[in-house]
Amino acid sequence: MAAVSARLPVFPWDKLEPYKATAAAHPDGIVDLSVGTPVDPVPQLIRSALVAAADSPGYPTVWGTPALRDAITGWLRGRLGASAAGHRNVLPVVGSKELVAWLPTQLGLGPGDKVAYPRLAYPTYEVGARLCGAEAVVYDDPTELDPAGLKLLWLNSPSNPTGAVIPKDELVRIVAWAREHSVLVFNDECYLELGWEAEPVSVLHDDVCGGSYEGLVAVHSLSKRSNLAGYRAAFIAGDADVLGELLEIRKHGGMMTPAPVQAATVAALGDDAHVAEQRARYAARRAALRAALEAHGFRVEHSEASLYLWVTRDEPCWDTVAHLAGLGILVAPGDFYGEAGARHVRVAFTATDERVDAAVKRLA
């Protein structure tokens with residue numbers, strides 16, 4: 001039973017527990033800016049849709065209802081500029097982390113295959129490679145990778161943890177290279193609607209893919225845009241052949257999004273007002289924390305998009321974590337995301353307004 005778990009790295013968040021205890025001992029309580037979990041209410045129209053679909057005694061389908069597929073394809077065309085998107089180009093998943101972790105296994109990858117991801121990256125890309133026994137490879141520029149044996153290339157724009165955005169012309173260049181070498185590209189675009197100093201572009205945008213989704217898949221989640229982390233509402237979109245294969249596998253595995261969540265997703269994708277309201281909340285928190293961190297001696301790097309500020313005081317990241325924990329503020333050490341983050345920390349601005357205000361006062 002330990003054979004599979006032995007392939008995996010130590011679960012990183014366990015290392016943060018002593019610092020969490022220090023921060024929690026602050027007289028005014030902890031300000032947790034580490035994990036980045038949504039804290040604001042689920043919009044009422046989404047909750048109403050969930051409740052209205054609560055009487056769902058039968059099994060849902062893995063591919064989702066026609067209404068859900070309509071909602072996703074409509075959103076892809078209207079929001080991402082993916083004008084050719086149809087039902088065969090979409091597939092609901094049970095939260096994006098599940099998809100990231102099990103994708104290499106479901107693609108049939110294993111020893112001798114390579115899975116590549118950014119040098120600074122969400123740890124689950126590596127976990128997915130390790131689970132199936134494939135070789136995990138990091139990159140600075142994916143087009144400098146050796147394509148031999150490279151079966152899956154992860155892009156992540158906007159980036160977690162740095163908030164960096166891949167410009168459109170760079171995406172065009174990477175897609176051309178991947179297609180030339182028959183490398184499957186998955187772009188994790190879960191923060192695409194949270195651009196601040198840059199406008200994120202999907203790998204499925206007509207200008208990037210040329211209207212063809214061959215070899216391309218985008219990953220999207222409603223966790224951040226709609227405060228639905230607890231719903232596990234997400235989907236992938238792109239190459240119909242790839243998604244068709246995954247659909248067959250996932251049907252055998254019973255990987256079904258619950259019917260009430262499917263109905264809630266339809267409501268969420270059909271409404272832009274709640275997205276704008278949530279963006280405004282995050283924008284205000286981001287501005288307050290950025291100003292306070294810079295005044296405290298931090299330098300903010302990248303951070304053009306997403307829900308995080310990527311900051312440094314040019315010291316080991318754990319020293320920074322300890323310093324902030326002493327102020328009652330918990331942040332994520334940069335080395336959770338790769339050795340290249342050893343002198344940075346990731347600061348989430350997903351806390352409540354009251355907790356963000358508390359952090360600002362402590363930093364002052």
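Residues take their numbers from the sequence shown, with the count starting at 1. None of the values given here were measured: they were computed from a predicted structure. Side chains included, hydrogens not; waters and symmetry mates left out as well; all remaining heavy atoms used.
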By salt bridge (charged side-chain N to carboxylate O under 4.0 Å, His left out) - contacts of Asp319 (at least two apart): none

Working for side-chain contact (heavy atoms from CB on, under 4.5 Å), residues Thr265 and Leu68: CA-CA 7 Å; Thr265 301; Leu68 176 58; 3.6 Å; yes

Closest approach of Ser226 to Ile46 (non-hydrogen atoms, all atoms of both residues): CB-CD1, 4.0 Å

Set of residues satisfying ring pair (Phe, Tyr, Trp, His ring centres under 6.0 Å) with respect to Trp75, sequence neighbours excluded: His220, Phe235

Shortest non-hydrogen contact from Phe349 toward Leu289: CB-CD1, 3.6 Å

Flag side-chain contact, heavy atom, 4.5 Å: Arg343 against Arg313: no

Pair Thr257-Gln262, side-chain donor/acceptor within less than 3.5 Å: no

Joint cluster assignment, Leu216 & Val242, ILVMFWY side-chain distance < 4.5 Å: no

Set of residues satisfying ring pair (Phe, Tyr, Trp, His ring centres under 6.0 Å) with respect to His323, sequence neighbours excluded: His296

Salt bridge flag under 4.0 Å for residues Arg232 and Glu98: no

Tyr125: ring pair (Phe, Tyr, Trp, His ring centres under 6.0 Å) partners, not counting sequence neighbours: Tyr122, Trp154

Salt bridge (Lys or Arg N to Asp or Glu O under 4.0 Å): pairs with one or both residues in residues 56-70, sequence neighbours excluded: none

Same apolar cluster (I L V M F W Y, side chains within < 4.5 Å links), Leu307/Val356: yes

Arg88 side chain reached by Leu243 side chain, heavy atoms, under 4.5 Å: no

ring-ring contact (aromatic ring centres under 6.0 Å, His included) between Trp196 and Tyr282, intermediate numbers included: CA-CA 10 Å; Trp196 310 111; Tyr282 285 141; 7.3 Å; no

Minimal non-hydrogen separation, Ala358 against Asp28, with atom names: CB-OD2, 4.0 Å

Test salt bridge (charged side-chain N to carboxylate O under 4.0 Å, His left out) applied to Lys97 - qualifying residues, sequence neighbours left out: none

Transitive ILVMFWY side-chain link Ile236 to Val62, under 4.5 Å: yes

Sequence-distant partners of Lys361, salt bridge (charged side-chain N to carboxylate O under 4.0 Å, His left out), two or more places apart: none

Pair Arg362-Asp357, salt bridge (Lys or Arg N to Asp or Glu O under 4.0 Å): steps then yes or no: CA-CA 9 Å; Arg362 295 175 195 183; Asp357 289 344; over 6 Å; no

For Tyr191, all residues meeting ring pair (Phe, Tyr, Trp, His ring centres under 6.0 Å), sequence neighbours excluded: Tyr308

Pair Arg173-Thr143, side-chain donor/acceptor within less than 3.5 Å: yes

Modelled atom types, side-chain donor and acceptor of Tyr337 and Arg346, under 3.5 Å: yes

Pair Arg299 + Glu301: basic N to acidic O under 4.0 Å: yes

Non-hydrogen side-chain atoms of Val321 and Val331 separated by less than 4.5 Å: yes

Qualifying side-chain hydrogen bond (donor to acceptor under 3.5 Å, both in side chains) pairs, either residue in residues 238-247, two or more places apart: none

Listed partners of Asp271 passing salt bridge (charged side-chain N to carboxylate O under 4.0 Å, His left out), at least two apart: none

Residue pairs passing the salt bridge (Lys or Arg N to Asp or Glu O under 4.0 Å) test where at least one lies in residues 331-341, sequence neighbours excluded: none

For Glu304, side-chain contact (heavy atoms from CB on, under 4.5 Å) partners two or more places apart: Ala164, Val165, Glu197, Ala198, His302

